[in-house]
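These notes are about the structure you will find just below.
Each chain gets a letter, A, B and so on, in the order the sequences are listed, and its residues count up from 1.
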Amino acid sequence: MKTLEELRKIREKAQNEMKLRESSNRIKVVVGMGTSGIAMGAREVMKAILDEVAKRQLSDVLVTQTGEKGLSSKEPVVDIIEQGKPTITYGNMTPEKARKVVAEHIVNGAVIDDFVVTRG
Amino acid sequence: MKDISLHLLDIIENSVRAKADQISIDIIIEVMRNKLLLRIKDNGIGMDQNTLSKAVDPFYTSKNERVKKIGLGIPLLKQNAEMCGGSFKLISSPGKGTDLSAEFKFDHVDRMPLGNIADTMISVVIGHPETDFQLKLKRKLINGEIRDYEFSTSFLKKELGNVPLSYPDVIQFIEKDINEGIKKTQMEEF
């Protein structure tokens with residue numbers, strides 16, 4: 001690895017931003033990263049979500065991943081977990097659909113019914 | 001799985017499920033010996049003999065039990081390595097972690113491509129912030145010269161202090177750094 005200088009700059013920038021905002025996570029996004037999920041493109045879905053979250057500067061969104069969830073036929077799956085609301089599980093995700101979920105559900109709060117596989 | 005980086009992601013997820021908090025990944029190409037080695041070592045709970053044999057054999061147990069408990073990831077990787085003149089080794093014991101090696105014949109026509117190693121690393125680093133990852137890439141050239149590269153999250157965490165690895169600029173940094181490492185070590189060249 002290289003350029004400590006670059007890392008120090010990132011650190012300063014991030015720390016300045018962190019001072020300006022509350023660091024609580026409003027929404028948790030969990031990508032299913034089991035064998036079948038991976039084979040069906042879960043990594044690309046996760047990458048698209050990370051990219052969209054970064055572009056929109058959604059600092060209160062935590063993106064993470066988990067193992068197999070027994071929804072193999074619906075992989076890749078993504079859970080949207082928000083306090084005080086039922087967990088929404090989206091299935092058959094693609095990078096494009098995942099970007100739409102960020103824009104419509106996470107930013108605007110509108111669940112995309114067509115992509116939902118389970119609620120609760 | 002269509003490439004090595006996706007197998008790597010799958011194996012790392014196994015390690016995390018085995019409660020590993022240190023996972024080291026080596027990808028070593030030795031052109032002279034015509035081999036590409038993928039090795040993943042973790043300090044997870046490990047497996048006993050019985051579980052170990054189930055882990056490599058897709059037909060060992062009923063499908064139901066298999067899919068839930070162990071999955072097809074390891075047998076698939078084993079098959080992919082052996083199909084192209086390579087070999088597979090899985091060493092583990094309870095409390096001692098797991099050490100997995102898949103060796104591929106480097107120039108075999110059916111050898112899977114490396115795939116996007118940077119994306120796999122970003123996925124696991126963001127997905128498992130509490131786990132330390134170390135990635136080493138090494139290529140021994142025909143003239144004996146060695147090109148190597150190392151990525152380590154414990155180093156990153158030390159430099160970044162309280163800034164999470166999921167911070168967008170950090171993700172970008174990781175992607176760029178690993179991709180430069182892949183270029184430097186000529187991982188994708190013949």
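- Heavy atoms closer than 4.5 Å to chain B are found in both the backbone and the side chain of A/Lys13.
- Comparing B/Leu76, B/Val16, B/Leu156, B/Ile11 by how many heavy-atom pairs each has under 4.5 Å with chain A, the most go to B/Leu156.
- Interface remark: A/Leu62 contributes no atoms to any contact with chain B (heavy atom separation under 4.5 Å).
- The minimum heavy-atom distance between B/Met1 and B/Leu6, with the atom names listed, is SD-CB, 3.8 Å.
- Taking each heavy atom of B/Ser87 and B/Ala81 in turn, the nearest pair found is O-CB, 3.7 Å.
- For B/Lys184 and B/Tyr149, the positive end is not near the middle of the six-membered ring at less than 6.0 Å and at most 45° from its axis.
- In summary, the aromatic rings of A/His105 and A/Phe115 are positioned with their centroids too far apart to meet the 6.0 Å limit.
- Nearest heavy-atom pair across B/Ser5 and B/Asn116 is OG-N, 3.1 Å.
- Proximity to chain A (any heavy atom under 4.5 Å) is shown, for B/Glu159, by both the backbone and the side chain.
- The minimum heavy-atom distance linking A/Gly37 with A/Pro76 is given by the pair O-CG, 4.3 Å.
- Shown here are the ring-ring contact (aromatic ring centres under 6.0 Å, His included) partners of B/Phe151, two or more places apart in sequence or in another chain: there are none.
- Scanning residues 120-129 of chain B against chain A with a 4.5 Å non-hydrogen threshold yields B/Thr120, B/Ile122, B/Ser123, B/Val124, B/Ile126, B/Gly127, B/His128, sorted by number.
- Counting heavy-atom neighbours within 6.0 Å of B/Glu189 CD, excluding the residue itself, gives a total above 12.
- Ranking B/Pro164, B/Ser152, B/Gly181 against chain A, the residue ahead of the rest is B/Ser152, based on heavy-atom pairs under 4.5 Å.
- For the options A/Thr66, A/Thr64, A/Val53, A/Asp51, heavy-atom pairs under 4.5 Å to chain B are most numerous at A/Thr64.
- Interface residue A/Met46: only side-chain heavy atoms are found under 4.5 Å from chain B.
- Salt bridge absent: B/Arg39 and B/Asp26 never bring a charged side-chain N and a carboxylate O closer than 4.0 Å.
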